2 protein chains.
Amino acid sequence: MKTISRKEEIIATATRLFYEKGYTAVSMRDIATAMDIKAASLYNHIKSKQEILSEIILKVAKEFTDGMVSVVTENTSAIKKVEKVIELHIDITVNHSEALAALNNDWMHLEEEDLEAFVKMREDYEENFRIIIKQGMDAGEIKSYHPEVILFSILSTLRTLYLWYQKRGKVDVNILKKDMVSVLIKGIV
Amino acid sequence: MKTISRKEEIIATATRLFYEKGYTAVSMRDIATAMDIKAASLYNHIKSKQEILSEIILKVAKEFTDGMVSVVTENTSAIKKVEKVIELHIDITVNHSEALAALNNDWMHLEEEDLEAFVKMREDYEENFRIIIKQGMDAGEIKSYHPEVILFSILSTLRTLYLWYQKRGKVDVNILKKDMVSVLIKGIV
DNA sequence: GTCTATAAAGAGATAGAC
DNA sequence: GTCTATCTCTTTATAGAC
């Protein structure tokens with residue numbers, strides 16, 4: 001049993017609304033109304049609308065970054081690493097599906113250091129994935145297509161998984177992992 | 001040489017801005033400033049901001065719908081049809097890359113009949129793709145994974161192609177088609 | 001911790017001059 | 001076809017009472 005603070009409640013409500021309509025289309029009034037309070041009351045718990053967006057996006061972005069670092073430093077085959085990355089995405093999708101809408105579509109509305117931090121994390125993430133794929137090609141585990149096509153093809157599927165996961169009414173995670181790994185990997189091996 | 005009307009110019013400008021920041025984050029003043037005129041002048045050519053969004057999204061949505069209908073009614077193998085669908089997406093991406101941002105991210109801001117029309121087109125499109133995949137499974141051309149996983153996996157890659165196409169600085173279309181078909185098809189055959 | 005009231009800025013859209 | 005001026009509404013955010 002964990003207690004949820006008022007601030008966390010605001011962020012959870014905002015996350016859901018941002019998922020439905022996007023950051024700019026959701027007003028502070030919308031968030032407050034959904035919580036049955038007035039917009040002014042929100043400012044007792046958070047500093048600004050911007051802060052809400054930052055908390056939603058950066059928290060999940062850090063999970064991706066940490067997960068990827070842990071995968072890339074493992075001492076296993078490239079294919080095994082790709083599998084782990086797929087599983088990482090599925091786990092995060094299952095736990096934070098609504099936050100991924102903001103991460104994918106509203107990151108450009110971050111400001112200053114938050115924007116910089118996010119862009120850097122995303123670039124590092126892609127670069128690590130690229131390294132894994134090239135490692136797999138060098139080892140003869142992965143077919144030598146254009147590496148960017150493989151990178152993009154897998155990543156775009158994983159990044160939009162949250163849209164599909166919501167719609168399908170939450171498939172069993174283990175079945176999802178198995179099928180997803182098959183479809184995405186068997187294509188490049 | 002085709003002359004571009006003022007209305008088309010407005011739509012082209014809005015398309016670019018919507019691509020960069022999203023529909024709700026772009027104001028009529030933003031569009032006007034980018035064209036070096038005043039916001040009020042826009043209304044001599046268009047009825048509302050909504051109308052701009054509709055024109056951008058529905059035009060491209062119709063291209064997808066028409067293209068898919070023409071593919072699905074062809075008398076060829078399922079695999080050949082999947083190839084044609086991939087090529088359809090690549091052609092539309094090349095010609096309307098910026099409009100695809102609005103189509104993917106801002107369709108929920110359409111109103112009334114436009115929203116209904118769009119949702120119906122998208123559902124029909126997915127259903128036709130589903131039919132092709134099932135046809136391929138029945139014929140033994142496509143591996144019997146969960147059909148929704150295959151559908152989602154290919155479609156999510158194709159739908160976000162516009163993000164990647166912009167970033168890569170416009171790869172040669174024929175090379176893109178060949179590699180994309182390989183990566184996406186060889187995975188399911 | 002929530003409220004009312006309100007400030008200050010910006011939104012979409014219209015009227016009417018030129 | 002574009003302009004200035006303006007209307008009306010909504011936005012984020014703050015001040016201060018309770």
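Bear in mind that the values here come from a model prediction, so they are computed numbers and not experimental data.
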Round to a whole Å and report the spacing from CD1 of B:I31 to P of C:dA11. 11 Å
Would you call the rings of B:Y162 and B:Y19 parallel, tilted or perpendicular, taking 30° and 60° as the class edges? perpendicular
Can you check the B:K38 NZ to C:dT14 C1' distance for me, whole Å? 17 Å
May I ask you to check whether A:T33 and A:D30 show a side-chain donor-acceptor distance below 3.5 Å? no
To the nearest angstrom, how far is B:D36 atom CG from D:dT2 atom C1'? 13 Å
B:W164 vs A:F152 aromatic rings, parallel, tilted or perpendicular, using cut-offs 30° and 60°? parallel
Distance-only criterion, 3.5 Å: show the donor-acceptor pairs between side-chain atoms of residues 58-67 of chain B and protein atoms not counting sequence neighbours.
| unit_1 | atom_1 | unit_2 | atom_2 | d |
| --- | --- | --- | --- | --- |
| B:E63 | OE2 | B:H96 | NE2 | 2.8 |
| B:T65 | OG1 | B:A61 | O | 3.0 |

Measure from NZ on A:K7 to C1' on C:dG1 and round the result to the nearest Å. 16 Å
How many Å lie between CG on B:L42 and P on D:dT4, as a whole number? 14 Å
Please find the pair of heavy atoms, one from A:S153 and one from A:S156, that lie closest to each other, and give the distance. O-OG, 3.2 Å
For D:dC3, does either OP1 or OP2 sit under 4.0 Å from a side-chain N or O belonging to B:S41? yes
In this structure, how many angstroms lie between the P atom of C:dT4 and the CD1 atom of A:I37, rounded? 12 Å
Would A:K7 and A:E55 satisfy salt bridge (Lys or Arg N to Asp or Glu O under 4.0 Å), going step by step from the backbone distance to the final call? CA-CA 11 Å; A:K7 176 168 178 175; A:E55 297 234 358; 3.0 Å; yes
List every contact pair, protein side and nucleotides 12-15 of chain D side both N or O, where the distance is under 3.5 Å.
| unit_1 | atom_1 | unit_2 | atom_2 | d |
| --- | --- | --- | --- | --- |
| D:dT12 | OP1 | A:K49 | NZ | 3.1 |
| D:dT12 | OP2 | A:M28 | N | 2.9 |
| D:dA13 | OP2 | A:Y43 | OH | 3.0 |
| D:dA13 | OP2 | A:K49 | N | 2.9 |

Would you mind reading off the distance between B:E111 atom CD and C:dG12 atom P, rounded to a whole angstrom? 13 Å
